[in-house]
Amino acid sequence: MITTVTLNAAIDKTYYVPLFTQDSVMRVQRFYAEAGGKGINVARVISQLGKSVLATGFVGGFNGRFIRQELDRQRIQHDFVEVAGESRLCLNIINESDGGSTEILEPGPVISDEAMEQFGEKLKMLAKRSIVVCFSGSLPAGVPKDFYAVLVSMAKREGAIVLLDTSGEALLRGAEAAPFMIKPNEQEAAQLIGETLSNGLEIMKRLATLERMDIPCITVSLGSEGSLVYFQGAYYRVQPPLIDAVNTVGCGDSFMAGMAVCIAEGKSIEESLSYATAVGSANALNEKAGYVNKVDVDELLKLVQIERL
Ligand SMILES: Nc1ncnc2c1ncn2[C@@H]1O[C@H](COP(=O)(O)OP(=O)(O)OP(=O)(O)O)[C@@H](O)[C@H]1O
Ligand SMILES: O=P(O)(O)OC[C@@]1(O)O[C@H](CO)[C@@H](O)[C@@H]1O
């Protein structure tokens with residue numbers, strides 16, 4: 001089984017407006033409301049790829065009930081810790097005139113010590129049954145900055161392969177617990193090494209050789225440019241096909257879903273990266289965030305290019 005963890009779950013609302021203009025009244029043409037937050041997106045995409053997955057984390061309030069109901073409707077197994085307060089609402093406004101996207105993300109509920117303890121117990125039990133545990137997204141308020149580091153170590157002790165996709169200090173601290181894979185974007189990678197380098201490959205190489213970083217797989221994702229990857233001493237560049245992107249929010253989560261599926265099935269790094277790249281690109285073809293069509297994935301996979309550097 002694959003388990004995905006979303007500590008800061010959300011209702012993701014995607015608004016399509018003809019022209020996004022600041023300081024104006026805008027009428028929404030089409031909109032979607034989905035169970036979201038990065039780990040939940042990962043779970044949904046894994047399920048759309050036809051694989052078994054369970055989503056866990058914290059949910060609360062009316063929004064939390066909506067999230068559980070949506071997961072039930074989509075037949076995705078879940079086991080969340082209920083918390084006081086409301087799970088957040090995250091807005092993604094797509095400007096149809098140029099395809100640009102503006103995200104407005106609420107902070108989410110404050111997590112109590114008791115809820116954190118309860119979650120730790122749940123995670124131990126789930127990680128024991130999981131081949132892969134994938135942690136994704138920002139930390140909610142109340143949670144210590146090293147919470148991912150604690151959870152990553154816990155899941156590893158239970159025998160799971162751990163993937164971590166987060167940012168800022170949560171990533172800096174979480175990376176120290178040596179998950180199997182991290183997926184920073186270029187800016188986050190630069191933050192990890194503590195300096196700005198203009199060349200993606202330079203960033204990648206510096207990152208991979210940091211002594212405190214004992215991570216077998218580091219993927220620096222570059223949007224439509226694909227990704228630069230370090231895996232056990234080797235470097236790769238992966239190039240997605242050229243597509244007409246509709247909504248790129250959730251591409252990173254879809255990439256993580258592809259990696260989780262392949263790692264759980266023991267696929268080679270080349271196969272895993274190619275597949276994950278196709279899954280990431282397939283998400284961009286969809287109006288909803290964290291949604292893929294398996295037929296698109298299979299077609300795009302034929303066009304992904306991977307080279308060992
Ligand atoms: N416009 C695009 N065209 C083709 N493939 C894309 C595009 N955008 C993203 N992808 C694919 O998805 C992968 C992950 O995307 P990206 O680098 O945008 O992740 P991210 O910044 O973590 O996204 P998010 O946080 O919104 O989920 C890329 O490496 C690439 O393979
Ligand atoms: O605040 P976080 O957890 O970093 O990001 C949350 C979020 O922007 O990420 C997803 C897209 O990747 C959206 O579903 C969600 O709203």
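Computed from heavy atoms alone, side chains included, the values below leave out hydrogens, waters and symmetry copies. Start at 1 with the first residue, then count along the sequence. Just follow the structure's listing: the first ligand is 1, and inside any ligand the first atom is 1.
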Residues [X] and [Y]: side-chain donor-acceptor under 3.5 angstrom:
X: Tyr15; Y: Gln29; value: no
X: Tyr16; Y: Glu287; value: no
X: Asp79; Y: Thr56; value: no
X: Asn286; Y: Asn293; value: no
X: Lys183; Y: Ser221; value: yes

List the protein residues in contact with ligand 2, where contact means a heavy-atom separation under 4.0 angstrom. Asp12, Gly37, Lys38, Asn41, Arg88, Cys90, Glu103, Leu105, Gly137, Ser138, Val249, Gly250, Asp253
With distance as the sole test, does Thr21 use its side chain to make a donor-acceptor pair with the main-chain N or O of Ser24 at under 3.5 Å?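 No; judged by distance alone, with no hydrogens or angles, the pair does not exist.
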Donor-acceptor under 3.5 Å (Arg237 side chain, Arg308 main chain):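 Pair absent, no side-chain N/O of Arg237 close to backbone of Arg308.
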Inspect the contact between Lys51 and Glu265 and indicate whether a charged nitrogen and a carboxylate oxygen are less than 4.0 angstrom apart.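 Salt bridge: yes.
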Residue shell around ligand 1, heavy atom under 4.0 angstrom: Lys38, Lys183, Ser221, Leu222, Gly223, Ser224, Gly226, Pro240, Pro241, Ile243, Ala245, Thr248, Val249, Gly250, Cys251, Gly252, Asp253, Thr277, Gly280, Ser281
Determine whether the aromatic ring centres of residues Phe119 and Phe58 are separated by less than 6.0 angstrom. yes
